[in-house]
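Working notes, structure below.
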Amino acid sequence: MATRWGICSAGKISHDFTVALKTLPPGDHQIVAVAARKLQDAQEFAKKHSIPQAYGSYEELARDPEIEVVYVGTIHPYHLPVGMLFMKAQKNVLCEKPMAMNLREVQELVASAKMNQVFLMEAVWTRFFPASLEMECLLSRGEVGEVKMVKADFGVPLMHVPRAVEKELGGGALLDIGIYCLQFICMVYNGEKPECIQATGVCLDTGVDEGMVVTLKFSRNRMAVFTCSVAVELPNNAVIVGTKGTIRVPEHMWCPTSLVVNGKEIQYPLPEPYLPLNFINSTGMRYEAEEVRQCLLKGLKESPRMSQADSLLLAEVMDEARRQVGVVYSQDCQ
């Protein structure tokens, strides 16, 4: 039986997720409905993607008995209320990153998932790419010895994009793109909590971070550092340095299609999209969608590769980094 999806929000990321879903076998994944806050937006989206049902509210999507799992592609501040709405309606949820605005909100979502006995996963798509799976195998085999340093950069000019720079829209470099660097580091260090977090950054007039540099110290003298920026293009790569060698993830470390292991490159090409994409390598979202299907088939309520504990750790580290840089959202004051 196909996994029956509902798409929440008819924006750019939902478009790309839908295109990615359709690179998978239709017998495995089926999109039943899409919802937007304006019915016309949902209808246009449904027509473009051949989706049978369009709704003008998220509540209608939550009430649709056909839907098994909802992809939440709204802007960051809506993740908590919308996620709660679907889980209370007994829907499984794949929520776009960041799962919520801060640790308290992530804790609320995780508690709701447990209470309603539904599946919940943060859509950190990077974790499910073939290149990421291979990297994990290489690390577990000790291909580069003991990892001593991890470095990652993600910077793209987004100053013209309101949702990236406006505080009430959940803007800021860390929550929007820095999270990819942080999740990469956490993945390499197996979800270990850092012993020390040092963050420095610069803020925009809107009160969100334009850029940040975060240094993390882990047990056994292991380190990590990441840089993120919504003002400039950074090298956008990552490197893992061990006692016996290095693994380099070339440009677009958040959606990797190649690895350079001790100087030798391996390619992992992605399927072609049937419609133009808004973001690079977006057909790679197929891997997180397939992870959701496999978890549901096994009766799991979370993914072992991107667990709820992983989401809680990301939120906790980001809260501390923001505190040091002085970024406060209205959600932090509740």
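This structure is a prediction, so every number in the text was calculated from the model and none was measured. Numbers for residues simply follow the sequence, beginning at 1.
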Any sub-3.5 Å donor-acceptor pair from [X]'s side-chain atoms to [Y]'s backbone N or O?
X: Glu192; Y: Ser219; answer: yes
X: Tyr189; Y: Met223; answer: yes
X: Lys193; Y: Val317; answer: no
X: Lys22; Y: Ile31; answer: no
X: Arg4; Y: Glu68; answer: no
X: Asn281; Y: Cys255; answer: yes
X: Gln324; Y: Ile197; answer: yes
X: Gln30; Y: Ala2; answer: no
X: Arg293; Y: Asp28; answer: yes
X: Ser140; Y: Cys137; answer: yes

Does the side chain to side chain contact (heavy atoms under 4.5 Å, CB included) test come out yes or no for His79 and Glu96, once each step is laid out? CA-CA 8 Å; His79 289 181; Glu96 202 38 79; 4.1 Å; yes
Which heavy atom of [X] sits nearest a heavy atom of [Y], and at what distance?
X: Leu21; Y: Ala289; answer: CD2-CB, 3.5 Å
X: Lys167; Y: Val328; answer: NZ-O, 2.8 Å
X: Gly201; Y: Val325; answer: N-CG2, 3.7 Å
X: Val208; Y: Ala164; answer: CG2-O, 4.4 Å
X: Phe119; Y: Cys295; answer: CE1-CB, 3.5 Å

Find the distance between [atom1] ([X]) and [atom2] ([Y]) and round it off to the nearest 0.5 Å.
X: Thr283; Y: Leu275; atom1: OG1; atom2: CG; result: 12.5 Å
X: Met285; Y: Leu24; atom1: CE; atom2: CG; result: 11.5 Å
X: Leu120; Y: Lys114; atom1: CG; atom2: NZ; result: 8.5 Å
X: Asn92; Y: Met87; atom1: CG; atom2: CE; result: 10.0 Å
X: Thr246; Y: Asn262; atom1: OG1; atom2: CG; result: 5.5 Å
X: Gln183; Y: Glu122; atom1: CD; atom2: CD; result: 9.0 Å

Quick one: do Val93 and Val118 satisfy side chain to side chain contact (heavy atoms under 4.5 Å, CB included)? Show the steps, please. CA-CA 8 Å; Val93 170; Val118 291; 5.9 Å; no
Is it the case that one hydrophobic cluster holds both [X] and [Y], taking links as side-chain heavy atoms less than 4.5 Å apart, direct or via other members?
X: Ile67; Y: Leu297; value: no
X: Tyr180; Y: Leu270; value: yes
X: Met212; Y: Met318; value: yes
X: Val213; Y: Val239; value: no
X: Ile179; Y: Val327; value: yes

Distance-only check: which donor-acceptor pairs under 3.5 Å involve side-chain atoms of residues 148-162, not counting sequence neighbours?
unit_1, atom_1, unit_2, atom_2, d
Lys151, NZ, Asp153, OD2, 3.4
Asp153, OD1, Thr227, OG1, 3.2

Side chains of [X] and [Y], heavy atoms from C-beta outward: is any pair under 4.5 Å?
X: Arg127; Y: Ser303; answer: no
X: Asp332; Y: Arg322; answer: yes
X: Leu138; Y: Ile247; answer: yes
X: Leu80; Y: Leu109; answer: yes
X: Phe45; Y: Lys48; answer: no
X: Thr3; Y: Leu296; answer: yes
X: Glu265; Y: Val260; answer: yes
X: Thr74; Y: Tyr58; answer: yes

Of the options Phe279, Trp5, Trp125, which is the one that meets Phe17 in a ring pair (Phe, Tyr, Trp, His ring centres under 6.0 Å)?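 Result for ring pair (Phe, Tyr, Trp, His ring centres under 6.0 Å) with Phe17: Trp5.
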Worked verdict on Glu105 versus Tyr329 for side chain to side chain contact (heavy atoms under 4.5 Å, CB included): CA-CA 12 Å; Glu105 289 197 345; Tyr329 297 108; over 6 Å; no
Before accepting this row, confirm whether a basic side-chain N of the pair Arg104/Asp319 lies closer than 4.0 Å to the acidic partner's carboxylate O.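 No, no charged N to carboxylate O under 4.0 Å.
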Flag if over 12 foreign heavy atoms under 6.0 Å of [atom1], [X]:
X: Gln334; atom1: CD; answer: yes
X: Tyr78; atom1: OH; answer: no
X: Gln267; atom1: CD; answer: yes
X: Glu108; atom1: CD; answer: yes

Given the rule in the side chain to side chain contact (heavy atoms under 4.5 Å, CB included) test, do Leu182 and Val214 qualify, once you have shown the distances and angles that lead to the verdict? CA-CA 9 Å; Leu182 178 58; Val214 182; over 6 Å; no
Please evaluate residues Asp64 and Lys91 with respect to the criterion salt bridge (Lys or Arg N to Asp or Glu O under 4.0 Å), reporting the C-alpha separation (whole Å), side-chain torsions for both, the decisive distance (0.1 Å), and the verdict. CA-CA 10 Å; Asp64 188 328; Lys91 304 295 186 214; 6.0 Å; no
His252 vs Trp254 aromatic rings, parallel, tilted or perpendicular, using cut-offs 30° and 60°?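 Perpendicular: the ring planes of His252 and Trp254 meet at over 60°.
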Which one of Lys38, Gln43, Glu44 satisfies the side chain to side chain donor-acceptor pair (under 3.5 Å) criterion with Gln40?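 For Gln40, the side chain to side chain donor-acceptor pair (under 3.5 Å) check succeeds only for Glu44.
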Please enumerate all residues that pass salt bridge (charged side-chain N to carboxylate O under 4.0 Å, His left out) together with Lys12, with sequence neighbours excluded.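 Listed in chain order: nothing, the list is empty.
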